[in-house]
Amino acid sequence: MSSAFIPLLLDSLASAALIFFAAVGLTLVFSVLKVLNVAHGSLYSIGGYLAASLSLFVASRGLNPYFSFVALLLSAALVAAVLGPLLEATLIRWVCGKSEAVQILATFGLFLILEDLQRIIFGVQSYYEDTPMRLMGTTTLGGVVYLNYQLVLIGVALAVIFGLRFLIRHTRLGRLMAAVVADREMAQSIGINTDRIFLLAFSLGVFLAALGGALSTPTSGIAPGLGADTMVLAFAVAAIGGLGQIEGAALASLIVGVARVTAVYVAPEFDAVAPYAAMLVVLLVRPYGLLGTMKIRKV
Amino acid sequence: MLSVRDLHSYYGKSHIVQGVDLDIGAGEIVSLLGRNGAGKTTTLKSLVGLVSGSEGRVELDGRRIDGNRTCAIARQGVVLVPEHRGIFAELTVEENLAIAERRGSGRTRSAVYDLFPRLAERRCNRGDAISGGEQQMLAIGRAVLCSPKVLLLDEPTEGLAPVIVDELIRIVRGLAQEGIAVLVVEQNIRFCEAVASRHYILSQGKIVFEGTSDEFGRASDARETYLALGSPGKSAGDAQTIRQGINQ
Ligand SMILES: Nc1ncnc2c1ncn2[C@@H]1O[C@H](COP(=O)(O)OP(=O)(O)OP(=O)(O)O)[C@@H](O)[C@H]1O
Ligand SMILES: [Mg+2]
């Protein structure tokens, strides 16, 4: 029993970690900018493509394989540094304050553009480059074999949860974000550059999505359609956790991860619908999501 | 210091502020009076760029600031303390001040705590867990941290007990003595008479009276027509009482 249960648990947690990276950025951007970015999933897949391309480049040049870890982080940072400011200063700033319908249509347009760009740049073949996972190896404990890379994924997700909590509660940037969220005009009136806060928050959201995509490549590879799949999962998480809370996103990611992996183990034909079944059950019980409010912070 | 020429503001099609001229010198306290809906708040918000449909010339020390973004105007030294104080409820008193503090600027949090000792006692309280008077002090203290040249106060005494009003009078005078120009919008005419040396009356978006305290005291017609006050004598007497209260 336990020898079957532990891999399921570990797979669920690792899957939840990846879903969390995609969802937490969506939530962060929504709670600070009040923009629902439908193209958020594409940022995850772009991070993945870039990481896979860089890792393959490292391998093809016969460079030290440990550089592939650098490639993962570097690609997330690159996507955030380039696409974060570029998108925020143009489309995202333009949809800020517009109606939800306009936001969804405009960012859906962005999603289509980003998907096509990915096809043009990275082609339609799938990428699979698992050097980082192989380098990390496995641990055998009590007759069960663990993939160390999965343990690292879970660890990084936990670090992101605590890092974001710390950022929001204990740093100047966190206080500035809380002020801008609470009353934009008042924040401006005391000299806070709200555009700068929006840009930082959006870029941080992009970074987290791209990091998730990059970290996912060694375990699951990248193929066209990943952006859309990720987006749908992130929205399921947002619906379950309530948009706007980091803890809610974490809990909801866990639910979706468990639902999905359990389906894979028990009834693989329901793999794709499992997250929505979970979403439906939660929303029937709690229509506003598990934690239900839209606050990024409480003192 | 602050000069405003031909200010017009619109909310959609309604023309709220209709060609307002104002002048405030360094260290001067000036009041802007008028009935509900006259356009006083709209005037103040327009000065700091919070009303998108506004036009006219606003100069600070001879440099135009109209058209700048609100945060830039605040950093240049024109700072609004809005009607409902705009305290960030989820942040503590200390955090409310910290977000306005700027490295390298002369004003510090400890200077604000010296100015408002009550805030120092409340520094760990949430913004919504302090009294109205403390909130007003916090709002002014936060504005002071922006190193203002011009402070715009929108109904600072609203809902405050007379003792707190007296304290505000002392504080506003102190700020003016440091060279800050203050434009105060008030319903509380006694507060205005106690602090301001010049007064403007706004009616339906236009300035209909401008004068010193003496001229204001004598202009009983303007006061009755545009402010609907009781007899001028009574109100002047009230101002006298306040002055005495402060001198004690
Ligand atoms: N955001 C807004 N959109 C549309 N009209 C507005 C808006 N804010 C104020 N108004 C209108 O503009 C006019 C002037 O309002 P304003 O708040 O400037 O008056 P005020 O002199 O400050 O009044 P009060 O003494 O009640 O504070 C009013 O008729 C008000 O209804
Ligand atoms: Mg008003």
Side-chain angles (χ1 to χ4, degrees), chain A residues 27-28 30-34 88-89 93-99 164-201 242-248 291-299, chain B residues 41 44-45 47-52 68-103 105 107 112 124-129 135 138-148 151-154:
Chain A
T27 282
L28 181 74
F30 180 79
S31 50
V32 178
L33 285 79
K34 305 279 190 302
E88 202 283 329
R93 189 165 300 172
W94 182 78
V95 301
C96 241
K98 298 232 164 34
S99 74
L164 283 176
R165 278 180 66 115
F166 182 81
L167 174 85
I168 287 169
R169 286 167 198 224
H170 299 293
T171 67
R172 183 175 169 83
L173 179 60
R175 288 171 195 137
L176 291 173
M177 289 200 302
V180 170
V181 167
D183 189 340
R184 200 180 289 187
E185 288 195 349
M186 191 59 231
Q188 291 170 337
S189 301
I190 54 169
I192 296 173
N193 186 344
T194 49
D195 288 348
R196 200 180 121 258
I197 306 298
F198 286 168
L199 191 138
L200 287 173
L243 259 172
Q245 280 202 341
I246 287 148
E247 291 80 1
L291 303 182
T293 54
M294 297 202 294
K295 284 248 169 80
I296 69 161
R297 135 174 203 138
K298 293 191 190 98
V299 170
Chain B
T41 297
L44 294 192
K45 287 175 101 179
L47 294 180
V48 296
L50 284 175
V51 180
S52 54
N68 291 359
R69 289 189 306 157
T70 301
C71 65
I73 292 175
R75 285 169 189 226
Q76 284 168 305
V78 181
V79 183
L80 171 68
V81 179
E83 213 164 346
H84 298 292
R85 290 140 197 169
I87 299 305
F88 298 113
E90 298 181 356
L91 300 184
T92 63
V93 167
E94 174 98 355
E95 290 170 336
N96 265 280
L97 293 173
I99 55 169
E101 201 172 14
R102 218 142 268 120
R103 245 171 288 141
S105 87
R107 309 270 182 175
V112 170
C124 296
N125 286 46
R126 270 174 60 122
D128 56 2
Q135 285 192 340
L138 179 54
I140 293 176
R142 205 171 52 177
V144 165
L145 279 175
C146 300
S147 303
L151 263 185
L152 309 175
L153 306 178
D154 199 350

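Chain letters run A, B, ... following the sequence lines, proteins first, then strands; residues in each count from 1.
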Donor-acceptor pairs under 3.5 Å, side chain of residues 180-187 of chain A to any protein atom, not counting sequence neighbours: which ones?
from     : atom 1 : to       : atom 2 : distance (Å)
A:Asp183 : OD1    : A:Glu185 : N      : 3.4
A:Asp183 : OD1    : A:Met186 : N      : 3.1

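- The OG1 atom of B:Thr70 lies 12.0 Å from the CD1 atom of A:Ile192; values are rounded to the nearest 0.5 Å.
- The structure places CG of A:Leu173 at 12.0 Å from CD1 of B:Ile99, a figure rounded to the nearest 0.5 Å.
- Under the rule for a side-chain hydrogen bond (donor to acceptor under 3.5 Å, both in side chains), the partners of A:Thr194 that lie at least two apart in sequence or sit in another chain are A:Gln188.
- Expressed to the nearest 0.5 Å, how far CZ of B:Phe88 lies from CG of A:Leu176 amounts to 9.5 Å.
- Note that SG of B:Cys71 is 7.0 Å distant from CG of A:Asp195, once rounded to the nearest 0.5 Å.
- Taking a 6.0 Å sphere around CZ of A:Arg172, one finds it holds more than 12 heavy atoms contributed by other residues, nucleotides or ligands.
- B:Val79 places none of its side-chain heavy atoms less than 4.5 Å from the side chain of A:Ser189.
- With B:Arg75 contributing its side chain and A:Gly191 its backbone, the two residues share a donor-acceptor pair below 3.5 Å.
- Only the backbone of B:Arg85 comes within contact range of chain A, with at least one heavy atom under 4.5 Å from a heavy atom of that chain.
- Here the CG-CD1 distance, from B:Leu80 to A:Ile190, works out to 11.0 Å after rounding to the nearest 0.5 Å.
- Atoms CD and NE2, on B:Glu95 and A:His170 in that order, are 9.0 Å from each other to the nearest 0.5 Å.
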